[in-house]
There are 2 protein chains.
Amino acid sequence: MLRISKLTDYATVVLAVLAEDAAAPHSAAQLADATHIALPTVSKVLKALQRGGLVASTRGARGGYQLARPAANISAVDVIDAMEGPVGLTECVTHPGSCDLEATCRSGDAWQRVNLAIRRALQDVTLLELTGRTTTGEARAVTAGQTAAEFAAALRAGTLRARTIEGGVQ
Amino acid sequence: MLRISKLTDYATVVLAVLAEDAAAPHSAAQLADATHIALPTVSKVLKALQRGGLVASTRGARGGYQLARPAANISAVDVIDAMEGPVGLTECVTHPGSCDLEATCRSGDAWQRVNLAIRRALQDVTLLELTGRTTTGEARAVTAGQTAAEFAAALRAGTLRARTIEGGVQ
DNA sequence: GCTAACAGGACTAAACTAGTCCTGTATTTT
DNA sequence: AAAATACAGGACTAGTTTAGTCCTGTTAGC
């Protein structure tokens, strides 16, 4: 289900490196080296992040890229929006009128609500958490009875460990 | 950002019709007629839903499709999983080892957590809500300060209206 | 003025999506 | 038994998207 593009994934890896040493600018070549992603690709990612306002660039010799603001103020939504554009879950979210079914379709509203729910969830995950440096909490099993609200709180607190996902939630 | 496929969207429209009259089986042709989606496409969608266990089929004359269980017990995740497979947000969620960066990449964990957060959010939206029949609540503006937890509660209660999304959450 | 480094866009190959169609099988009706 | 209805499964095509590369221009430092 629901996939983010590979480039978006790369973006978080690159941003993680930038977050680690936020003081100095890093050239695309340096970042390519640090992340083991091909230079042209890193370059493409950085340009998108720059346009999205997540990194600041300085040209010329000794130039490079830096985070535009503290890692704690950059959320997963920001990264996805910068890399993939503010596209919605369905066509009708972003381009009303483009779907022939709008008259008969009664589920459009709902997808928009789901869309918002997802954005909210993504907004609560900061780059700081994406880099893994705040996940020091105890591993905690996800029980079937846990509500979304509890989960969101746990996610924010960093008490969930990834491996509990495997095999699916259902 | 994050898109569901058109077919998944169709699936909810088709399921909505099935939910409306859960007693009798509906043929693919009937459903195509009711939804204004082309027959071969409806057919494809229904086959996927059948494999996913969301609808039950009966062959032969007077056969057709019915919901396999009450609409309240079918969530958005179920629909997405049935239509698009249990693919994760990133490659490494579903196919560990397929990514060259796993050694250096420290954000994999986090995407998996985000993935889980999204699954949770989607799990709390039932087909009943997707059909729009439970969204009778008062429209309510989404303020910037609203937490994910509050949002999830509001979503469940159906007090959020879709149009509040437009222009983005940020 | 030479070199380092970003900016912007063009381009290609591969993968995925949407949509259609065909052949087969099960069930009911006549 | 035959005919009609309806699902099952898979093959196939066209179009779009994604990933990745490359080239040309511009800006800043030494």
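Each chain gets a letter, A, B and so on, in the order the sequences are listed, and its residues count up from 1. On a predicted model such as this, the values are computed, not experimentally measured, just so you know.
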Quick check on D:dA8: is either OP1 or OP2 less than 4.0 Å from any side-chain nitrogen or oxygen of B:Y65?
yes
Between CG on residue B:L122 and OG on residue B:S75, distance to nearest 0.5 Å
7.5 Å
List, one per line, each side-chain donor-acceptor pair under 3.5 Å for residues 42-60 of chain B, sequence neighbours excluded.
{"unit_1": "B:T58", "atom_1": "OG1", "unit_2": "B:G64", "atom_2": "N", "d": "3.4"}
{"unit_1": "B:T58", "atom_1": "OG1", "unit_2": "B:G64", "atom_2": "O", "d": "3.4"}

Sidechain-backbone polar pair: A:E84 side chain, A:T8 backbone, donor-acceptor under 3.5 Å
no
So which protein nitrogen or oxygen atoms get under 3.5 Å of nucleotides 22-25 of chain C's nitrogens or oxygens?
{"unit_1": "C:dT25", "atom_1": "O2", "unit_2": "B:R59", "atom_2": "NH1", "d": "3.4"}

Check: protein-nucleotides 11-16 of chain D nitrogen or oxygen pairs below 3.5 Å:
none

Side-chain N or O of A:T41 closer than 4.0 Å to phosphate OP1/OP2 of D:dT21:
yes
Taking C-beta and beyond as the side chain, do B:V77 and B:I118 meet within less than 4.5 Å on heavy atoms?
no
Mind calculating the distance between CG (A:L49) and C1' (C:dC6) to the nearest angstrom?
14 Å
Among the candidates D:dA8, C:dT20, D:dT5, find the nucleotide nearest to the side-chain atoms of B:Q50.
D:dA8
What does B:A29 touch in the nucleic acid at a heavy-atom separation under 4.0 angstrom: a base, only the sugar-phosphate, or nothing?
nothing
Given side chains that start at C-beta, do those of B:T41 and B:L7 come closer than 4.5 Å, heavy atoms only?
yes
Donor-acceptor pair, distance only, cut-off 3.5 Å: does the side chain of A:T35 make one with the backbone of A:L31?
yes
Mind checking side-chain contact (heavy atoms from CB on, under 4.5 Å) for B:D33 and listing every partner two or more places apart, or none if nothing turns up?
none
Closest approach to the side chain of B:S57, judged atom by atom: which nucleotide of C:dT28, D:dG9, D:dC7 is it?
D:dC7
So which one's nearest nucleotide on DNA chain D is more toward 5', B:L46 or A:A61?
B:L46
Given atom CD1 of A:I37 and atom P of D:dG20, what is their separation to the nearest angstrom?
9 Å
Residue list, side-chain contact (heavy atoms from CB on, under 4.5 Å) with B:A72, at least two apart or on another chain
B:L128
D:dA19 phosphate, OP1 or OP2: any side-chain N/O from A:Y10 under 4.0 angstrom?
no
Do A:R3 and A:D9 sit within salt-bridge range, that is, some charged N less than 4.0 Å from a carboxylate O?
no
Using a strict threshold of under 4.0 Å (side-chain N to carboxylate O), is an ion pair present between B:D81 and B:R119?
yes
Which is true for A:T58 with a 4.0 Å heavy-atom rule: it touches a base, it touches only sugar-phosphate, or it touches nothing?
sugar-phosphate
Is a side-chain N or O of B:H26 found less than 3.5 angstrom from the main chain of B:D21, in a donor-acceptor match?
yes
Nucleotide N/O of nucleotides 13-17 of chain C paired with protein N/O under 3.5 Å:
{"unit_1": "C:dT17", "atom_1": "OP1", "unit_2": "A:R3", "atom_2": "NH2", "d": "3.3"}

